[in-house]
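Computed from heavy atoms alone, side chains included, the values below leave out hydrogens, waters and symmetry copies. Numbers restart at 1 for each chain; the letters A, B, ... are given by sequence-line order, proteins then strands.
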2 protein chains.
Amino acid sequence: MSFNEAFKAIADPNRRKILSLLKKGDLTAGEIADHFDMQKPSVSHHLKILKQADLVEDRRVGQHIYYSLNTTVFQDLMSWFYDILQKEGEKS
Amino acid sequence: MSFNEAFKAIADPNRRKILSLLKKGDLTAGEIADHFDMQKPSVSHHLKILKQADLVEDRRVGQHIYYSLNTTVFQDLMSWFYDILQKEGEKS
DNA sequence: TAGATATTTAGACAAATTTCTAAATATCGC
DNA sequence: GCGATATTTAGAAATTTGTCTAAATATCTA
């Protein structure tokens, strides 16, 4: 269900930037927003799309909401690339 | 220049299907269109986007235009995934 | 050159996307 | 509970995207 959603999610450069930021460690929504020129509601919107695509997870800690990478779906996306690059006739 | 274009190009399921079809071998625009319910101009539009993203190449053979995969950009996209999945602190 | 086939280009239109501002919700510290 | 901080939700506006039909271009065959 989230395979196509994930491809759409990573199509946006701002969202890819968010994912790259999270690679280095978990961040709150506000910390993420600090890296962008957009307003916070816009960043929140992008985070929602990443969350719906299962590319990130969130957890509340007091006033803050921490976002973190969920790498499991990345594996699926990678598989699609592998499949395209694998020549016809080659065996897995 | 085509890194972001490529990510956008593969965000569409019809275009991913075209790429999957081409994996098995080169096809003409018409042969590709036969696999879809869309009208031919729509398929042509998708092919144009894939071409602009350097994901496919085309060559005319008489009346026909053959499309084929160009795998070089796929490598770049894959690299982005690798980079995300690689844990901080791990050495290449 | 004329008609047939293959494909793209042009232009229109609806749907989806991205961003904004304003308001709502949740939590903290006093 | 109140004010401050963090974040999301709601709704609007502008842009982009995906699709269609009609027309244009390119090539083949006779």
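Counting non-hydrogen atoms under 4.0 angstrom, B/Tyr67 reaches the backbone sugars and phosphates but no base. Note on A/His46: only backbone sugar-phosphate atoms sit closer than 4.0 angstrom, heavy atoms only; bases stay farther off.
Among pairs with a residue in residues 29-52 of chain B, those fulfilling salt bridge (Lys or Arg N to Asp or Glu O under 4.0 Å) read B/Lys51-B/Asp58, at least two apart in sequence or across chains. Pairs of residues two or more places apart, or lying in two chains, that qualify as ring-ring contact (aromatic ring centres under 6.0 Å, His included) and include a residue from residues 6-47 of chain A are A/Phe3-A/Phe7, A/Phe7-A/Trp80.
Scanning for side chain to side chain donor-acceptor pair (under 3.5 Å) contacts around A/Asn14 gives an empty result, with sequence neighbours left out. Scanning for side chain to side chain contact (heavy atoms under 4.5 Å, CB included) contacts around A/Ala53 gives A/Glu5, A/Ala6, A/Ala9, A/Leu55, with sequence neighbours left out. Every residue meeting the side chain to side chain contact (heavy atoms under 4.5 Å, CB included) condition with A/Pro13, not counting sequence neighbours, appears here in chain and number order: A/Arg16, B/Asn4.
Here C/dA16 presents its C1' atom at 12 Å from CG of B/Asp12, a figure rounded to the nearest Å. The CG-C1' distance, from A/Asp37 to C/dT18, rounds to 15 Å in whole Å.
Ion pairing of B/Arg59 with B/Asp26 is present here, as a side-chain N (NZ or NE/NH1/NH2) and a carboxylate O approach within less than 4.0 Å.
Nucleotides of DNA chain D that come within less than 4.0 Å of any heavy atom of chain B span, from the 5' end to the 3' end, D/dT17 to D/dC28.
For the pair A/Met38 and B/Ser44, nearest-nucleotide mapping onto DNA chain C gives the more 5' position to B/Ser44.
Residues from residues 47-66 of chain B lying near DNA chain D, meaning a heavy-atom separation below 4.0 Å, are B/Arg60, B/Gly62, B/Gln63 in numerical order.
With axes fitted over five pairs at each extremity, the angle between the ends of the helix from C/dT1-D/dA30 to C/dC30-D/dG1 is 30° (10° resolution).
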Show me, pair by pair, the donor-acceptor contacts under 3.5 angstrom made by side chains of residues 61-79 of chain B, not counting sequence neighbours?
| from | atom 1 | to | atom 2 | distance (Å) |
| --- | --- | --- | --- | --- |
| B/Asn70 | OD1 | B/Thr72 | N | 3.4 |
| B/Asn70 | OD1 | B/Thr72 | OG1 | 3.1 |
| B/Asn70 | ND2 | B/Asp54 | O | 3.2 |
| B/Ser79 | OG | B/Gln75 | O | 2.9 |

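The CE atom of B/Met38 sits 11.0 Å away from atom OG of B/Ser44, with the distance rounded to the nearest 0.5 Å.
In terms of heavy-atom proximity, A/Leu22 sits nearest to A/Leu27 at CD2-N, 3.8 Å.
With A/Arg15 as the fixed residue, the side chain to side chain contact (heavy atoms under 4.5 Å, CB included) test singles out one of A/Val43, A/Leu47, A/Ile49: A/Ile49.
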